[in-house]
**Student:** 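My questions will all concern the structure given below.
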Amino acid sequence: MNNKISKRYFSDFKGKTVLFAVCGFVLGNLLLDASLVEAQSLAPAGGRVLTGAFVDRDWSDANPCGDKVTQDWEWNDNKQWYGNVYPYFGKIFPEVFRPDGSKNWYANWQPEIARIKSQGRVPYINLEFHGELQRHNNAECWHLGGTGGNGNDRVTHNIIREILNGNHNDIIDNVAYGLKAEKVPVLIDLFHEANGGWYDWSPCKHQGETWASFRAAYQYVVNRFRAVGATNVKFGQSVWPSSGCWTDAGPWGTGAVTADMYVPGYMDWIGIDIYGSGTTGVFTDLLDPWYNGLAGTGLPVVIGEMAVSPGPNKANWMTSFANAVTSGRYPAVKAFNWFDINKPGEADWRISEGGNGPLFDSLMSNPKFTGSFGTFELKNKANNQCLDITAASTADSAKVQTYACNGTAAQTFTLADLGNYNMELRALNSLKCVDVAGGSAVDGAQIQQYTCNASNAQVWKMRVINWATLEVELSAANSNKCLDVDNGVGPKVQQWYCTSGSAQRFFLNKR
């Protein structure tokens, strides 16, 4: 979000403008190539909505801009945010140029990714092709207003033209290699709010540029990621819901449409940024004009940024959002990120502002909101081996076994808390769910991986035996039988009536 347009935000608050960004996944009927099919497995099943947040509490003091690691205390500062749902995404805004104009190499902001991974969250990145300041002073972030309040505006770049001319191949490749090495799913919101006209990557900012050039630059960046094999990185773009700009079919002021910003075959999701007013309006006012166009792409719709300003309408707006996305009104909406920041000179966007934390927490208790408990290896107490996908397979029905712990993706599982410690276990190597074969209720039924489908055969009730060591017992919701290791066969991972024995106990080791 750009502070240069903060005045416009508030003038529009009288009736219309609320920014809502959709963080996304590919889900729908237009799965046209292998990259989209792969991304489809990221989408939450059963109409659930993934949660996320940007929580950099002392963001205004970041130096250099956008490069400070969000610390654990900053997540913990607003506990009601995850009293019922632990955010699935951790959002960051790294900038391609440092304030002095030098390239912001991946190593400079990799610690932020490491922190998000250590928390068991999925990195959600607004990769911003700006940052350089007119005074080239690393100590002066643009949002601090400059020395003496005289401003330190960003240098203007025609990013579309520079990318197409190959000027930034070095930094694009550096980030692609860096994210590939992380070996976890990563979402990039590339060229977000491009129809706003205030960003250097918007064709609306530069005389003679077109949406065709924008789409070509988008393809250029994604192709370089693909060339280095960074298949774990999924791309999308979040529109701004209220802008003049122009469309391919009309002049300035006609307003860009979804088709202008949509890049078929290169986007895994599509989104929108929405910011609500604490004095008037509801969430649906802002999404309705865009929803059919976004959903019509066949991609999952993600709310990349969203929040609501202070005021007597804040609670009502929060409630309208939660009701709208859980009621089935917007079936393509699959995720959101809350912009949980008190932004200087703009607004206090935090959930907790005005005492609204408990309300939001109660709204998040709806089981359709899905968070993340963390990413772990599961070591069996009886044999000291780790839960493992046989042969690191990515196929449906591949057996789950135990095997000597080796730290691979085939032994790494993301535990998504569906509420009340009902867990979905998603294998990192395949993004498929740990499943009771055939939905069986009998003792000895094989445990396998299978495409996530939100059935009770893929829901595991976690009982914590020892918090200090994170020793747990997991029972299948479809049978109430425990995840069990038969060390005499295989060893075979199966379900069995719960005995409280060591073969049914697992240690969760953070990955």
**Student:** Once you measure the plane-to-plane angle for Phe321 and Phe283, does it fall in the parallel (<30°), tilted (30-60°) or perpendicular (>60°) bin?
**Tutor:**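 If you compare the ring of Phe321 with that of Phe283, the planes turn out perpendicular.
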**Student:** Flag the pair Val459 / Met423 as yes when at least one side-chain heavy-atom distance between them is below 4.5 Å, and no otherwise.
**Tutor:**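 With C-beta onward as the side chain, the pair stays apart.
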**Student:** Would you indicate whether the side-chain heavy atoms of Phe336 and Thr51 approach each other to under 4.5 Å?
**Tutor:**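 A side-chain contact under 4.5 Å exists here.
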**Student:** Under the salt bridge (Lys or Arg N to Asp or Glu O under 4.0 Å) rule, what pairs show up with a residue in residues 316-326, not counting sequence neighbours?
**Tutor:**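 Non-adjacent pairs meeting salt bridge (Lys or Arg N to Asp or Glu O under 4.0 Å): zero.
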**Student:** Side chain to side chain donor-acceptor pair (under 3.5 Å) for Glu193 and Gln237? Distances and angles first, verdict last.
**Tutor:** CA-CA 8 Å; Glu193 299 176 14; Gln237 202 268 343; over 6 Å; no
**Student:** With under 30° as parallel and over 60° as perpendicular, where do the rings of Trp240 and Trp198 fit, or are they tilted in between?
**Tutor:**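 Trp240 and Trp198: perpendicular rings.
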**Student:** Does the side chain of Trp317 come within less than 4.5 Å of Thr280's, by heavy atoms?
**Tutor:**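 No; the side chains remain at least 4.5 Å from each other.
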**Student:** With rounding to the nearest 0.5 Å, note down the distance linking CD in Gln449 to CG in Leu425.
**Tutor:**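 Reported value, rounded in 0.5 Å steps: 12.0 Å.
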**Student:** Using only heavy-atom distances, determine whether the side chains of Tyr88 and Asn337 contain a donor-acceptor pair under 3.5 Å.
**Tutor:**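 Side-chain D/A pair, Tyr88 to Asn337: absent.
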**Student:** Taking C-beta and beyond as the side chain, do Val233 and Thr231 meet within less than 4.5 Å on heavy atoms?
**Tutor:**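 Of all side-chain heavy-atom pairs linking Thr231 with Val233, none is under 4.5 Å.
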**Student:** Can you tell me how far apart CG (Asp189) and CD (Glu128) are? Round to the nearest 0.5 Å.
**Tutor:**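 Between atom CG of Asp189 and atom CD of Glu128 there are 9.0 Å.
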**Student:** What I want to find out is whether Asp348 reaches Lys314 closely enough, with some N-O distance under 4.0 Å, to be called a salt bridge.
**Tutor:**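 No salt bridge links Asp348 with Lys314.
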**Student:** Taking the side chain as every heavy atom from C-beta outward, state whether Thr258 and Val239 have any atom pair closer than 4.5 Å.
**Tutor:**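 No, their side chains stay 4.5 Å or more apart.
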**Student:** Between Arg224 and Asp173, does any NZ, NE, NH1 or NH2 come within less than 4.0 Å of an OD or OE carboxylate oxygen?
**Tutor:**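 Looking at Asp173 and Arg224, the cut-off is met.
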**Student:** Ignoring hydrogens and geometry, is there a side-chain-to-backbone donor-acceptor pair from Asn223 to Gln219 under 3.5 Å?
**Tutor:**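 Yes, Asn223 side chain to Gln219 backbone: donor-acceptor pair under 3.5 Å.
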**Student:** Using a strict 4.0 Å threshold on nitrogen-to-oxygen distance, state whether Arg329 and Asp288 make a salt bridge.
**Tutor:**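 Judged by the 4.0 Å cut-off on N to carboxylate O distance, Arg329 and Asp288 do form a salt bridge.
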**Student:** At their closest point, which heavy atom of Ala324 faces which heavy atom of Ser327, and how far apart are they?
**Tutor:**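 What the structure gives for the nearest pair is O-OG, 3.1 Å.
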**Student:** Any heavy-atom pair between the side chains of Val55 and Ile341 that's under 4.5 Å?
**Tutor:**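 Ile341 vs Val55: side chains apart.
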**Student:** Run the side-chain contact (heavy atoms from CB on, under 4.5 Å) check on Met261 and Asn195 step by step: do they pass?
**Tutor:** CA-CA 8 Å; Met261 293 163 277; Asn195 61 324; 3.6 Å; yes
**Student:** Would you please test Asn169 and Tyr220 for side chain to side chain donor-acceptor pair (under 3.5 Å) and show each step?
**Tutor:** CA-CA 10 Å; Asn169 290 350; Tyr220 189 99; 2.7 Å; yes
**Student:** With sequence neighbours excluded, what pairs up with Asn174 under the side-chain contact (heavy atoms from CB on, under 4.5 Å) test?
**Tutor:**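 In terms of side-chain contact (heavy atoms from CB on, under 4.5 Å), with neighbours along the sequence ignored, Asn174 is linked to Trp105, Tyr106, Ile171.
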**Student:** Using a strict 4.0 Å threshold on nitrogen-to-oxygen distance, state whether Glu132 and Arg98 make a salt bridge.
**Tutor:**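 Between Arg98 and Glu132 there is no salt bridge, as every charged N stays at least 4.0 Å from the carboxylate O atoms.
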**Student:** According to ring pair (Phe, Tyr, Trp, His ring centres under 6.0 Å), who are the partners of Phe214, at least two apart in sequence or on a separate chain?
**Tutor:**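 By the ring pair (Phe, Tyr, Trp, His ring centres under 6.0 Å) rule, Phe214 matches Phe191, Trp211.
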**Student:** Relative to the ring of Tyr124, is the ring of Trp269 parallel (under 30°), tilted (30 to 60°) or perpendicular (over 60°)?
**Tutor:**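 Answer is tilted, since the angle falls between 30° and 60°.
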**Student:** Any ion pair linking Arg426 and Glu424 (charged N to carboxylate O, less than 4.0 Å)?
**Tutor:**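 The answer is yes: the pair qualifies as a salt bridge.
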**Student:** Which is it for Asp396 and Thr451 under the side chain to side chain donor-acceptor pair (under 3.5 Å) test, yes or no, and what are the steps along the way?
**Tutor:** CA-CA 6 Å; Asp396 280 342; Thr451 299; 2.9 Å; yes
**Student:** Quick one, Ile113 and Ile92 - any side-chain contact, counting heavy atoms below 4.5 Å?
**Tutor:**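 Yes, close enough: below the 4.5 Å cut-off.
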**Student:** Which pair of non-hydrogen atoms, one from Thr210 and one from Pro203, has the smallest distance, and what is that distance?
**Tutor:**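 For Thr210 and Pro203, the tightest heavy-atom pair comes out as O-CB, 3.6 Å.
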**Student:** Please test Asn232 against Glu182 for side chain to side chain donor-acceptor pair (under 3.5 Å), starting from the C-alpha separation and ending with a verdict.
**Tutor:** CA-CA 9 Å; Asn232 60 312; Glu182 298 297 345; over 6 Å; no
**Student:** Does atom OH of Tyr330 have more than 12 heavy-atom neighbours, drawn from other residues, nucleotides or ligands, at distances under 6.0 Å?
**Tutor:**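 More than 12 heavy atoms, drawn from other residues, nucleotides or ligands, come within 6.0 Å of this atom.
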**Student:** Hey, could you give me the CG/OG1 distance between Leu50 and Thr370, rounded to the nearest 0.5 Å?
**Tutor:**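 Answer rounded to 0.5 Å: 6.0 Å.
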**Student:** Would Arg226 pass as a cation-pi partner of Tyr266, given that its NZ or CZ must be under 6.0 Å from the six-membered ring centre and within 45 degrees of the axis?
**Tutor:**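 Yes, Arg226 sits over the ring of Tyr266.
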**Student:** Can you measure from CG (Leu190) to CD1 (Ile125) and round to the nearest 0.5 angstrom?
**Tutor:**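 Result: 11.0 Å between the selected atoms.
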**Student:** Could you point out which residue of Trp349, Phe89, Phe54, Phe360 forms a ring pair (Phe, Tyr, Trp, His ring centres under 6.0 Å) with Trp338?
**Tutor:**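 Answer after filtering Trp349, Phe89, Phe54, Phe360: Phe360.
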